[in-house]
Amino acid sequence: MDEARHERIRAAVLAIPEGWVATYGDVAAEAGERSARVVGKVLSEDGADLPWHRVLRADGSSAPHILDEQHARLRAEGVEIRDGRVVLAHHRLASGWLSRR
DNA sequence: CATATGACCGCCA
DNA sequence: GTGGCGGCCATAT
């Protein structure tokens, strides 16, 4: 991954406000990426200092290895979780959140 | 170059 | 509602 793409992805995640969430695909689109996988890749390698817990799968679920921590953090921000999935209808950020600040 | 492996996604049965 | 499958794309071997 070249540095520019890497940083755009980090910037998109960083711009997600507390109490809101976005899917990996949303972040990819926001950062001009064509692959949601790459977003997960970046977060796994260089996401420790980002609000990575606000990034979810397209169905509102989360990967098994981070599930506990993610849910704990989200609940602390008032994000509603039902049947193991975040209620995207209530907390999903509208596309363009990065530019239209 | 070929295969495998993921913090993934959309479609279809 | 669930799984399966193909597509996706960077990295590792």
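Protein chains get the first letters and strands the later ones, always in sequence-line order, with residue 1 at the start of each.
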Evaluate the side-chain proximity of Val21(A) to Leu93(A): yes if any heavy-atom separation is below 4.5 Å, no if none is. no

Stepwise, does the salt bridge (charged side-chain N to carboxylate O under 4.0 Å, His left out) test hold for Arg73(A) with Glu77(A)? CA-CA 7 Å; Arg73(A) 292 189 181 200; Glu77(A) 296 185 356; over 6 Å; no

Taking all heavy atoms of Arg10(A) and all of Asp46(A), pick out the closest pair and write down the distance. NH1-O, 2.7 Å

Going by number, which of residues 74-86 of chain A have a non-hydrogen atom under 4.0 Å from DNA chain B? none

Atom CD of Glu45(A) and atom P of dG6(B): how far apart are they, to the nearest Å? 14 Å

Can you name the nearest heavy-atom pair linking Val27(A) to Ala12(A), along with the distance? CG1-CB, 4.0 Å

Would you mind listing every side-chain hydrogen bond (donor to acceptor under 3.5 Å, both in side chains) that reaches into residues 82-91 of chain A, with sequence neighbours excluded? Glu80(A)-Arg82(A)

Locate the shortest heavy-atom distance separating Leu98(A) from Ala15(A); write the atom from each residue and the value. CD1-CB, 3.5 Å

Met1(A) CE to dA10(C) P, straight-line distance once rounded to whole Å: 7 Å

Between dA7(B) and dT13(C), how far is it from one C1' atom to the other, in whole Å? 22 Å

What integer distance in Å separates Asp46(A):CG from dA7(B):C1'? 14 Å

Spacing between Leu56(A) atom CG and dC9(B) atom P, to the nearest angstrom: 9 Å

Determine, for nucleotides 3-8 of chain C in 5'-to-3' order, which nucleotides have protein heavy atoms under 4.0 Å from the base (write B), from only the sugar-phosphate (write S), or from neither (write -). ----BB

Integer-rounded Å distance: dA7(B) P and Leu67(A) CG: 13 Å

What are the two closest non-hydrogen atoms of Ala94(A) and Arg100(A), and how far apart are they? CB-NH1, 3.9 Å

Among the nucleotides dT11(C), dA7(B), dC9(B), which one has an atom lying closest to any side-chain atom of Ile66(A)? dA7(B)

Just how far, in rounded Å, is C1' of dT2(C) from CZ of Arg57(A)? 14 Å

Nearest whole angstrom, please: distance from the P of dC9(C) to the CG of Leu43(A). 18 Å

Where the side chain of His65(A) is defined as all heavy atoms beyond and including C-beta, which of dA10(C), dA7(B), dC9(B) is the nearest nucleotide? dA7(B)

Sort out the partner of dG7(C) for me: Watson-Crick or G-U wobble, both distances under 3.5 Å, none otherwise. dC8(B)

Between Arg57(A) and Ser62(A), is there a side-chain heavy-atom distance shorter than 4.5 Å? no

What residue among Glu30(A), Lys41(A), Met1(A) forms side-chain contact (heavy atoms from CB on, under 4.5 Å) with Ile9(A)? Met1(A)

Figure out the CZ/C1' separation between Arg8(A) and dA10(C), and round it to whole Å. 15 Å

